[in-house]
Amino acid sequence: MWETKTDDGFFRTNCPVCGNKLIGDSEKGEQVCPSCGFVTTGPVDEGPEWKAIDLEEKSKRVRVGSPTTLTLHDLGLSTDISTEMRDSHGKYLDPAMRATVEKMKKWQSRIRTINSQERGLSIVLSRISEVCNNLSLPRNVAETAALIYRTSVKLKVAKSKSIMGMTAATVYLACRKCGVSRTLKEVARAAGLEKGNVAKYFRLILKDVEKNYIPPPSVEKHISKLVNLAKIDPRVEHLALNVSRQTNDSKISSGKAPAGLAAAYVYMSSVMLGEHLPQREVAEFAEVTEVTVRNRCRELLDNYIIRQKLGWKE
DNA sequence: ATGGTTTTTACTGCGTC
DNA sequence: GACGCGGTAAAAACCAT
């Protein structure tokens, strides 16, 4: 039972079999039902992972950015001035004091209108945090997403745009900027949106906010992610990365979905190392079809002679 | 909108356990 | 027979123009 997400893209908190609350094992990232033994692999510990064993983990560990959090819109401070014109002892205020208090109230209401803009900001920022948690993304991605959103507000790009659309698009862009491999599809799913919808907002932001092009995650990132997700032997990852570096030909990769290529490398490496994962499984985790995996494998074998000490057909 | 490219869907056949 | 694998044709999705 690998699939941990429900149809709407969120992780379960209750057992789908008997309905009891799942107990998390933060070490393995699994959740277990105490009464029926149902096991799922949802993210339990959202904190930073300090065991860096591959590319993705390494990039997650990068600590950059400002020390204060950008994902909170203010410090949570707000005070109201009473409508009753009395002082703290209950005595009525004299006319002069009354006038100054009136002035203060006026100012506060002006400030309040700024707060209503801020309120919109805070909603999106909390959504960003939610979506990042759903995707078990590191803190710096959420911070980056928050920064992107703040600047798009400043540039009036976020004006009258769907909250979730902007959220998903900023998170996706943040992933690309931080070098964390998450597909548009995955982000859209976590936000409960259609892929095409998110793409629209993403293009918008790319056009007006983040003008320099950020390349999508490399095949190597995809390999790392795939190995991580499917809990494959790190040796397979090592070999897959090796082979991919030696064959990263434009002939092989141009126009091809990097996830499919990554799946092919991982599959081939697993065969070479005697692990022999089923195509089906690799394809599933890479979110491509077996056909695509096969096609990439065939192209690789047509163009390269891939050898391994332990013996592999040529 | 369109046309070319890639991916998916659906199906078939083969060998093995 | 079920399973994993390899292939193909056609539909669907994607992308640049």
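It should be emphasised that the depicted structure is a prediction, and the values quoted were computed from it without experimental measurement. A note on names: the letters A, B, ... follow the listed sequences, proteins ahead of strands, and every chain is numbered from 1.
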Legend entry - Closest non-hydrogen atom pair between I148(A) and V209(A), with its separation: O-CG1, 4.3 Å

Inset, instruction - Measure from CD on E281(A) to P on dC3(C) and round the result to the nearest Å. - result: 14 Å

Inset, instruction - Indicate whether OP1 or OP2 belonging to dA13(C) is found under 4.0 Å from a side-chain N or O atom of K195(A). - result: no

Inset, instruction - Using atom CD of E287(A) as one end and atom C1' of dA13(C) as the other, report the distance to the nearest whole Å. - result: 16 Å

Inset, instruction - Report the distance from atom CZ of R280(A) to atom C1' of dC3(C), rounded to the nearest whole Å. - result: 11 Å

Inset, instruction - Mind calculating the distance between CG (L184(A)) and C1' (dA13(C)) to the nearest angstrom? - result: 14 Å

Inset, instruction - For the residue pair E102(A) and K106(A), establish whether any side-chain heavy-atom pair is separated by less than 4.5 Å. - result: no

Legend entry - Boundaries of the chain A footprint along DNA chain B (any atom under 4.0 Å from a heavy atom): dT6(B) to dA10(B)

Legend entry - Residue met sooner reading DNA chain C from 5', once H276(A) and V291(A) are mapped to nucleotides: H276(A)

Legend entry - Between dG4(C) (P) and L277(A) (CG): distance, integer Å: 12 Å

Inset, instruction - Look up atom CZ in R139(A) and atom CG in N133(A), then write down how far apart they are to the nearest 0.5 Å. - result: 7.5 Å

Legend entry - Pairwise 5' ranking along DNA chain C for R203(A) and P278(A), keeping only the more 5' one: P278(A)

Legend entry - For atom NZ of K185(A) and atom P of dA13(C), their distance in whole Å: 11 Å

Legend entry - dG7(C) OP1/OP2 closer than 4.0 Å to side-chain N/O of R298(A): yes

Legend entry - Y213(A) OH - dA16(C) C1' separation (whole Å): 13 Å

Inset, instruction - Measure the distance from CG on L206(A) to P on dC15(C) and round it to the nearest whole Å. - result: 13 Å

Legend entry - Side-chain donor-acceptor contact under 3.5 Å, S224(A) with E237(A): yes

Inset, instruction - Give a yes or no on whether V291(A) and Y265(A) share a hydrophobic cluster (residues Ile, Leu, Val, Met, Phe, Trp, Tyr; joining criterion: side-chain heavy atoms under 4.5 Å apart). - result: no

Inset, instruction - Using only heavy-atom distances, determine whether the side chains of T289(A) and T292(A) contain a donor-acceptor pair under 3.5 Å. - result: yes

Inset, instruction - Go through the side-chain N and O atoms of T183(A) and Y172(A) and say whether any donor and acceptor fall under 3.5 Å apart. - result: no

